[in-house]
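The figures here come from the full heavy-atom set of this structure, side chains too, leaving out hydrogens, waters and symmetry mates.
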Amino acid sequence: MSSTESPSVPAASVLPRVAPVRVGEGERLRSVGLPGVTLSVRCRPPAREGLPRALCVHGLGGSSQNWSELMAHLDGVVHSEAVDLPGFGDSPPPDDGDYSVTGHARAVIRYLDAAGQGPVHLFGNSLGGAVATRVAAVRPDLVRTLTLVSPALPELRIQRTAVPTGLLGVPGIAALFTRFTKEWTAEQRVRGVMGLCYGDPGRVSPEAFRYAVEELERRLRLPYFWDAMARSARGIVNAYTLGGQHGLWRQAERVLAPTLLVYGGRDQLVGYRMSAKAARAFRDSRLLTLPDAGHVAMMEYPDVVARAFRELLAQQQDTEGNAGRGAVVDDDGDDSTDTGGRGAADGTEAGS
């Protein structure tokens with residue numbers, strides 16, 4: 001079912017009628033009104049009561065649907081939810097028009113505070129990875145573990161294939177691109193996006209491709225689609241330039257939660273070489289490298305990512321159990337199981 005609640009954005013009353021958002025088998029979609037923003041939240045009702053909660057945050061141009069496969073693989077492990085960031089998926093634009101990384105992080109924090117369910121296992125991909133990093137740094141009480149799939153953290157040498165995405169944030173470029181591509185079909189656009197985001201676009205099933213085309217056709221009818229894209233892209237670029245305590249790498253160093261880092265060897269948007277720096281920055285990190293994956297490993301290899309998360313969860317639960325029995329912790333607060341990425345998986349199972 002799709003959301004039936006009215007968005008809080010004043011312009012919502014004049015938005016064109018569009019097709020409903022697809023909700024997969026076993027999923028539910030609801031609308032949550034919060035101060036200054038209305039969020040659409042996709043969830044899979046838990047297999048049993050008492051499961052720990054997880055929240056997933058998508059990347060630029062994505063939606064909560066990007067997490068459906070991984071959520072299905074985590075049935076019985078966590079109570080999974082995925083949020084549509086403001087202006088994406090089925091969520092209307094934020095009241096204040098703030099699409100910065102901080103603005104998106106604020107929306108996630110407001111949702112977690114309102115839910116009142118205690119710390120969650122937080123997942124983020126690309127832009128969502130930057131958002132999740134900021135949430136974990138400024139509100140450690142809300143994050144139990146952190147899983148980042150190709151997080152959009154600052155790079156000194158941007159890959160050439162990522163430049164067009166960054167240019168989208170330059171004022172006027174989105175309008176220019178819209179005019180230049182006005183004759184492109186939704187199928188052409190989706191093939192281009194999949195060619196950029198997947199290590200092997202051939203892994204996409206015909207059914208998944210059709211769903212992606214339908215979703216893009218729906219979103220292209222929304223008058224705020226390109227504005228949300230351009231402003232969010234600008235937000236990433238601006239976040240890359242921040243220094244001091246607000247810099248994303250500095251905030252990564254502040255994250256206390258055990259962190260799983262997932263990087264793809266064929267990622268054309270986030271440099272594979274950044275995996276080593278990320279493993280050093282996050283103090284309690286585990287690194288999973290998938291040589292054949294692109295930018296969205298949770299969609300390309302959901303079974304592998306789910307298995308790595310289950311291992312992280314088991315280690316975290318074991319650590320909590322040891323702490324409850326009076327385990328010794330180093331004076332600097334780092335326990336002896338911290339790998340700093342040195343226990344990285346080699347990703348050979350990705351081809352299985």
State whether a side-chain donor-acceptor pair under 3.5 Å links R286 with Q315. yes

Between F282 and L146, is there a side-chain heavy-atom distance shorter than 4.5 Å? yes

Any side-chain heavy atom of L85 within less than 4.5 Å of one from L127? yes

Which residues satisfy the side-chain contact (heavy atoms from CB on, under 4.5 Å) test with P46, sequence neighbours excluded? L51, H79

Give, for atom CH2 of W249 and atom OH of Y240, the distance between the pair rounded to the nearest 0.5 Å. 9.0 Å

Would a hydrophobic clustering, with Ile, Leu, Val, Met, Phe, Trp and Tyr connected at side-chain separations under 4.5 Å, put V305 with Y198? yes

Once side-chain contact (heavy atoms from CB on, under 4.5 Å) is applied, do any residues pair with D75, and if so which ones, sequence neighbours excluded? R44

Any L290 side-chain heavy atom under 4.5 Å of V262 side chain: yes

Any side-chain to backbone donor/acceptor pair from N66 onto H58? Under 3.5 Å, distance only. no

Quick check for you: to the nearest 0.5 Å, what is the distance between Q251 atom CD and L242 atom CG? 8.5 Å

Heavy atoms of G33 and T38 approach each other most closely as CA-OG1, 4.2 Å

List in chain and number order the residues that pass side-chain contact (heavy atoms from CB on, under 4.5 Å) with A308, two or more places apart in sequence or in another chain; answer none if no residue qualifies. L260, L288

Could you tell me whether a side-chain N or O of Q268 sits under 3.5 Å from a main-chain N or O of C197, the two making a donor and an acceptor? no

Set of salt bridge (Lys or Arg N to Asp or Glu O under 4.0 Å) partners for E215, sequence neighbours left out: R218, R219

For G24, is there any backbone N or O sitting under 3.5 Å from a side-chain donor or acceptor partner on E27? yes

With a 4.5 Å cut-off on side-chain heavy atoms, are P93 and Y99 touching? yes

Is the distance between the ring centroids of F309 and H73 under 6.0 Å? no

Side chain to side chain donor-acceptor pair (under 3.5 Å) contacts in which one or both residues fall within residues 122-133, not counting sequence neighbours: S126-H295

Look up atom CD in E217 and atom OG1 in T185, then write down how far apart they are to the nearest 0.5 Å. 8.5 Å

CD (E300) and CG (D267) are apart, to the nearest 0.5 Å, by 8.5 Å

Is the shortest distance from a Lys or Arg side-chain nitrogen in R231 or D98 to a carboxylate oxygen in the other one below 4.0 Å? no

Is a donor on one side and an acceptor on the other found under 3.5 Å between the side chain of D90 and the backbone of V21? no

What are the two closest heavy atoms between Y224 and S91, and how far apart are they? OH-O, 3.7 Å

Note: E81-R30 ion pair, threshold 4.0 Å (strictly below): yes

Tell me if a side-chain donor or acceptor on T241 pairs with a main-chain N or O of N238 at a distance below 3.5 Å. yes

For H121 and T145, test the side chains for any donor-to-acceptor distance below 3.5 angstrom and give the result as yes or no. yes

Determine yes or no for a side-chain-to-main-chain donor-acceptor pair under 3.5 angstrom, with R110 supplying the side chain and P35 the backbone. yes

Over all atoms of both residues, closest heavy-atom pair of S68 and R42: OG-CD, 3.8 Å

Could you report the tightest heavy-atom contact between P45 and G26, atom names first, then the distance? CD-O, 3.3 Å

With a 4.5 Å limit on heavy-atom distance, are the side chains of V143 and P119 in contact? no

For P201 against G195, the heavy-atom pair lying closest together: CG-CA, 3.8 Å

Transitive ILVMFWY side-chain link V193 to L60, under 4.5 Å: no

For A105, enumerate each residue passing the side-chain contact (heavy atoms from CB on, under 4.5 Å) test, keeping only those at least two apart in sequence or located in another chain. V131, R134, V135

Euclidean distance, L74 CG relative to S80 OG, rounded to 0.5 Å: 5.0 Å

Which heavy atom of A228 sits nearest to which heavy atom of F88, and what is that distance? O-CZ, 3.6 Å

Under 4.5 Å between side-chain heavy atoms, hopping through other hydrophobics if needed: is there a path connecting I109 to Y111? yes

Y211, M194: one ILVMFWY side-chain cluster at the under-4.5 Å cut-off? no

Can you tell me how far the CZ atom of F209 sits from the CD atom of E187, to the nearest 0.5 Å? 6.0 Å

Check the pair M298 / F123 against side chain to side chain contact (heavy atoms under 4.5 Å, CB included), numbers first and verdict last. CA-CA 10 Å; M298 75 287 188; F123 292 71; over 6 Å; no

